[in-house]
There are 2 protein chains.
Amino acid sequence: MNRSEGISVICTVDVVLLTLHGGQLCVVLLKRERPPFQGALALPGGYIHPEQDQDAVDAAARVLLDKTGLASPYLEQLATFSGPGRDPRGWSVSIAYYALVPQELLRRDTTAAQVLPVEGLPVLPFDHGRMVAAAVARVRSKSQYSSLPVHLCPERFTLPQLQAVYEAVLGEPINKVSFRRKVEELDVLEPLPGELEQGRANRPAQLYRLRPQYRRSLSLLERGIGARS
Amino acid sequence: MNRSEGISVICTVDVVLLTLHGGQLCVVLLKRERPPFQGALALPGGYIHPEQDQDAVDAAARVLLDKTGLASPYLEQLATFSGPGRDPRGWSVSIAYYALVPQELLRRDTTAAQVLPVEGLPVLPFDHGRMVAAAVARVRSKSQYSSLPVHLCPERFTLPQLQAVYEAVLGEPINKVSFRRKVEELDVLEPLPGELEQGRANRPAQLYRLRPQYRRSLSLLERGIGARS
DNA sequence: CGAATAGTGTCTGTTAGACATTATCGA
DNA sequence: TCGATAATGTCTAACAGACACTATTCG
């Protein structure tokens, strides 16, 4: 086991950046500026820079900032993909992360970014298709028993809006009474006193925001947020 | 972003091999034969060998076979650990896996292996302590709603034995009636017709085995295996 | 037969979902 | 006042845990 064996492995990070658009879970893809797959749509990604990155998550955050301008979204390690065939440059390892951003934060830079629904994506280069599938599965799974989808909402939002986000992610309707019981149980939201969503021809909804201490962490439930009706 | 940036990263795999011993969840540690940390107890691990490994999980299985003789236990990716400080040889990436084996399969080679309870471990080299903690958390979490602990049982086992395994992993007693209902719901076991556990001064228990199609996969529950009495 | 544990039937408190009712806005 | 949706009260069915009872072995 000599040292040279470690040297020929290419080390990169890729980020599956997810958002909600038109009631659908979407992924942000960028047009690749360099080979391989120059010009193709792919996940934002890049080499680890050992001289500046303290960690792979650092590299993922740097890549995300450089390529999309997003500063500090919810970012979590997904899985690591590896093998001789996934990158034409050689045996490679890519540590994949997923990030969630509210739709509003994306508006700013629409440079070469495409926001596409995760269902019915075109074939993606490398194994980015598998990465997206893994990220979607992870987000769906975690959304069943945690506050994860809150990170797809803007800073201030109503409970009906949040329920619609959960329903879009899970792909099925949720019972309103159960949903509200579970959100209360999660205990991650605080109402903004006196702030109501105005302007519609019905009773205005209370606005909430995520409690600051949950900006980077999740709250979990034992029994899961029920689906159906 | 030139190609040289990928070259200085060391790529390894490590395996958190877990088993049950004396009613406690234990990890298998080996005495390191080479520097760094020569002579210290650490997780089985090693470099990725790009010329022979088709994937990181291949590398993990190879390392496990080479160092412990275990052929094909339940093996799953855990997380990837990285950074400049975790390995004194330089900026490194280690893709960590966890494996579960029944106690019986370990007996064969007790060469330089130590089986230690996961609670109260000594300080481990690299970030192996964090890896063990992450693996234990993952196994506890998955055991709440899946058939994962079955892989800690021998090939033939009784339901009371399986319940004891769940209780050891989760660290709390489980209601017998609920547990049996849940195991039936999981639908991963089949009784061995006519085979009972003999030799004790009570009613003999039915022997079961894992259905072959679940050798490498898990069955999940929506509501979780209840804990408490 | 008695001790011990396997395995099952059944009761009850808790929880999730269905439904109904009230509240509050704009038009 | 009406239409629409928010927010909440309440009923019911499903489920988990508690308890008790039967089954089957050894000594």
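Naming convention: chains lettered A, B, ... in sequence-line order (proteins, then strands); numbering from 1 in each chain. Keep in mind that this is a model prediction, so the values were computed, not measured.
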For B:V177, give me all partners under side chain to side chain contact (heavy atoms under 4.5 Å, CB included), at least two apart in sequence or on another chain.
B:N175, B:R181

Check side chain to side chain contact (heavy atoms under 4.5 Å, CB included) between B:D55 and all other residues, then give those that pass, not counting sequence neighbours.
A:S82, B:V57, B:D58

Sequence neighbours excluded, the answer for salt bridge (charged side-chain N to carboxylate O under 4.0 Å, His left out) partners of B:D187 is B:R211

Please give me every residue in residues 197-210 of chain B whose heavy atoms get under 4.0 Å of an atom in DNA chain C, ordered by residue number.
B:R200, B:A201, B:N202, B:R203, B:P204, B:A205, B:Q206

B:R140 meets the side-chain hydrogen bond (donor to acceptor under 3.5 Å, both in side chains) criterion, sequence neighbours left out, with B:E119

May I have the distance from B:E222 (atom CD) to D:dA14 (atom P), rounded to whole angstrom?
15 Å

Can you tell me the distance, in whole Å, between the CZ atom of A:R180 and the P atom of D:dG9?
12 Å

Set of residues satisfying side chain to side chain contact (heavy atoms under 4.5 Å, CB included) with respect to A:P193, sequence neighbours excluded
none

Close approaches to DNA chain D from residues 186-194 of chain B, in residue order (heavy atom, under 4.0 Å)
none

Give the rounded distance in Å between these two atoms: CZ of B:F179 and P of D:dC15.
19 Å

In whole Å, I'd like the distance from the OH atom of B:Y166 to the C1' atom of D:dG17.
18 Å

Pairing residues for B:Y97 by the ring-ring contact (aromatic ring centres under 6.0 Å, His included) criterion, not counting sequence neighbours
none

To the nearest angstrom, the CG-P distance between A:N175 and D:dT12 comes to 17 Å

Donor-acceptor pair, distance only, cut-off 3.5 Å: does the side chain of B:S141 make one with the backbone of B:A137?
no

Distance, rounded to the nearest Å, where B:Q163 contributes CD and D:dA16 contributes P
15 Å

Any ring pair (Phe, Tyr, Trp, His ring centres under 6.0 Å) pairs touching residues 134-167 of chain A, not counting sequence neighbours?
A:Y74-A:H151, A:Y166-A:F179

Just to verify, what does A:E155 make a side chain to side chain contact (heavy atoms under 4.5 Å, CB included) with, not counting sequence neighbours?
A:R215

Atom pairs and distances, donor-acceptor, side-chain atoms in residues 18-29 of chain A, under 3.5 Å, two or more places apart:
{"unit_1": "A:T19", "atom_1": "OG1", "unit_2": "A:V101", "atom_2": "O", "d": "2.8"}
{"unit_1": "A:T19", "atom_1": "OG1", "unit_2": "A:Q103", "atom_2": "N", "d": "3.3"}

Please determine, for the side chain of A:V177, which listed nucleotide (C:dG7, C:dT10, C:dC19) has the closest atom?
C:dC19

Are OP1 or OP2 of C:dA16 and a side-chain N or O of A:K182 less than 4.0 angstrom apart?
yes

Would you mind reading off the distance between A:I225 atom CD1 and C:dT15 atom P, rounded to a whole angstrom?
16 Å

With a 3.5 Å cut-off and just heavy-atom distances, do the side chain of B:K176 and the base of C:dG7 make a donor-acceptor pair?
yes

Provide, to the nearest angstrom, the distance between the CD atom belonging to B:Q144 and the C1' atom belonging to D:dA16.
15 Å

Using modelled atom types and a 3.5 Å cut-off, is there a donor and acceptor pairing between side-chain atoms of A:Q114 and backbone atoms of A:L41?
no

Could you go over nucleotides 11-14 of chain C and give all protein N or O partners under 3.5 Å, atom names and distances?
none

